[in-house]
Protein chains: 2
Amino acid sequence: MYATFKPAAQSVVMPENVARAQFPGAHLVVTYKGGRVIYAEGDSVDKCYQVCAGAVREYGLISDGRRQVVSFHLAGETFGFEAASKHRFFAEAIAETRIIVFARRPIQEHSPELLALALVGMKRAQEHLLVIGRQCAVERVAAFLMDLSDRLGGVRQLRLPMSRQDIADYLALTIETVSRAMTELKERKVIALRHVRTVDIIKPDALRSLCHRAALRS
Amino acid sequence: MYATFKPAAQSVVMPENVARAQFPGAHLVVTYKGGRVIYAEGDSVDKCYQVCAGAVREYGLISDGRRQVVSFHLAGETFGFEAASKHRFFAEAIAETRIIVFARRPIQEHSPELLALALVGMKRAQEHLLVIGRQCAVERVAAFLMDLSDRLGGVRQLRLPMSRQDIADYLALTIETVSRAMTELKERKVIALRHVRTVDIIKPDALRSLCHRAALRS
DNA sequence: CGCAATATTGACCCGCGTCAATTGTCGTGG
DNA sequence: CCACGACAATTGACGCGGGTCAATATTGCG
């Protein structure tokens, strides 16, 4: 069933762990416990963030409480810049997560890198549209697992930081359907579930072919 | 039904109409007939584009031919920049369309504006995800009409440049469902169809409330 | 006017959402 | 170590929204 969603209270979190990092501009390293809000819809956009360890979900809500996760951010990935001055989405740590926080103003000046990041963000969102828009449940889950594997450097064993609910809200499905799709992939021996949140990709080719992405012309 | 899709041949078009424009860097004004390909998947990314008049659809294909429109670009809007060096999507003129073409290299240098445009593109894609992911057919069509109206400056009479098929592929529906949704909005007297492609918004409030977007906190 | 392309409408059916029950996982305390 | 409770995930039964297929209507163009 659709889960009606309430973001956990409070969007300002006390740094539990502060350190310096290697990029220019003022920045901090902050550790968020799982479920903590990094920023909320309506917060002003004045920082950007890079994940050191852990994972982040970024999502929007519609008025009846349905949630749509628009992206997951894994270790090494950057997020938090938006066109408007107020955030349109929520960002939360999925599990305990260490994050570098940059002040946005000093970053803004030398923007070629920031531009590249924005373009990557847009590409991800558009690819996601193809998946959500035109693929069935099993294909969506397959695409999700492939994407995660690719972003982690092509590993065959995935440890999922997020719950089935998070995956469902990302793929615009329900937990039940995600679960059934997982079971089907398992029965087809495309994947194996070593543990509920630990997936072994047994047949990467079969998984990839389920993703239906058009072959790029040379 | 799902339409299986073949992009019209040829991705290089002879300029039918060339002129100078007001931005820095080498650029041309080109007129594309309806259906002409501006760039195709796999083409190298070396220009960016601004619509003078007309409209453009940008879309992806999956291997079985299903199409997903990821965005429409209207007069005044800019498109064509991507993270990779090869285009991931196709862009086509919907009807006869006049476009300013910028060489990308000279643009690249002073990128703050380009960054802003990329951020707008990302925001659009993410908002679109919310619609596709979590709203039913009538709501999607309502959101589509509202969005178009807003981008045209809040007009109440819309002339749709795109076909039902384009709308369907944008909203991840079928033409039949788009048609039924239009009929329902018409029967509820939320809109009126002056002509198949000319929509009058009779009850803007009703239309907006169908879009279910969470109210932004102040 | 006639033909082709586009849009609408209707009947049917299937994938996925809904609701409900069951199983599995993990943390805490005896 | 097991008992217990809370939560997460799985599985089953069923219904509905929207896809499929087909017929009809409308629009645009020569």
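In what follows, every chain begins at residue 1, and chains take the letters A, B, ... in the order their sequences are listed.
- Under the side-chain hydrogen bond (donor to acceptor under 3.5 Å, both in side chains) criterion, B:R188 pairs with B:E184, not counting sequence neighbours.
- A ring-ring contact (aromatic ring centres under 6.0 Å, His included) check over residues 172-210 of chain A, counting only residues at least two apart or in different chains, returns nothing.
- Residues from residues 189-198 of chain B lying near DNA chain C, meaning a heavy-atom separation below 4.0 Å, are B:L193, B:V196, B:R197 in numerical order.
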Restricting both atoms to N or O, compile the protein contacts to nucleotides 11-15 of chain D shorter than 3.5 Å, with distance only.
residue, atom, partner, partner atom, Å
D:dT11, OP2, A:T183, OG1, 2.6
D:dG12, N7, A:R180, NH1, 2.9

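- Close placement of the A:Y39 and A:Y49 rings is indicated, their centers lying within 6.0 Å of each other.
- Listed pair B:T174 / D:dG19 meets the phosphate criterion, a side-chain N or O lying under 4.0 Å from OP1 or OP2.
- If you measure from atom CD1 of B:I94 to atom P of C:dT6, you get 13 Å, rounded to the nearest angstrom.
- For B:D200, the salt bridge (charged side-chain N to carboxylate O under 4.0 Å, His left out) partners at least two apart in sequence or on another chain are B:R194.
- The existence of a salt bridge linking A:D169 and A:R57 is excluded, since no basic side-chain nitrogen approaches an acidic carboxylate oxygen closer than 4.0 Å.
- Rounded to whole Å, atom P of D:dA9 lies 9 Å from atom CE of A:M182.
- Between the CG atom of B:D169 and the C1' atom of D:dG19 there is a distance of 14 Å, rounded to whole Å.
- Within the structure, ring-ring contact (aromatic ring centres under 6.0 Å, His included) pairs that include any residue of residues 145-182 of chain B comprise B:F72-B:Y170, B:H128-B:Y170, B:F144-B:Y170 (at least two apart or interchain).
- Residues that satisfy the salt bridge (charged side-chain N to carboxylate O under 4.0 Å, His left out) test with B:R208, not counting sequence neighbours, are B:D150.
- Not counting sequence neighbours, B:R180 has no partner by the salt bridge (charged side-chain N to carboxylate O under 4.0 Å, His left out) test.
- With sequence neighbours left out, B:S179 forms a side-chain contact (heavy atoms from CB on, under 4.5 Å) with no residue at all.
- Computed from coordinates, the B:Q135 CD to D:dG18 P distance equals 11 Å when rounded to whole Å.
- Between the axis at the start and the axis at the end of the helix from C:dC1-D:dG30 to C:dG30-D:dC1 there is an angle of 40°, using five pairs per end and rounding to 10 degrees.
- Distance A:L171 CG to C:dC16 C1': 14 Å, rounded to the nearest Å.
- Every side-chain hydrogen bond (donor to acceptor under 3.5 Å, both in side chains) that A:S71 has, sequence neighbours left out, goes to A:E58, A:H73.
- For B:D46, there are no salt bridge (charged side-chain N to carboxylate O under 4.0 Å, His left out) partners two or more places apart in sequence or in a different chain.
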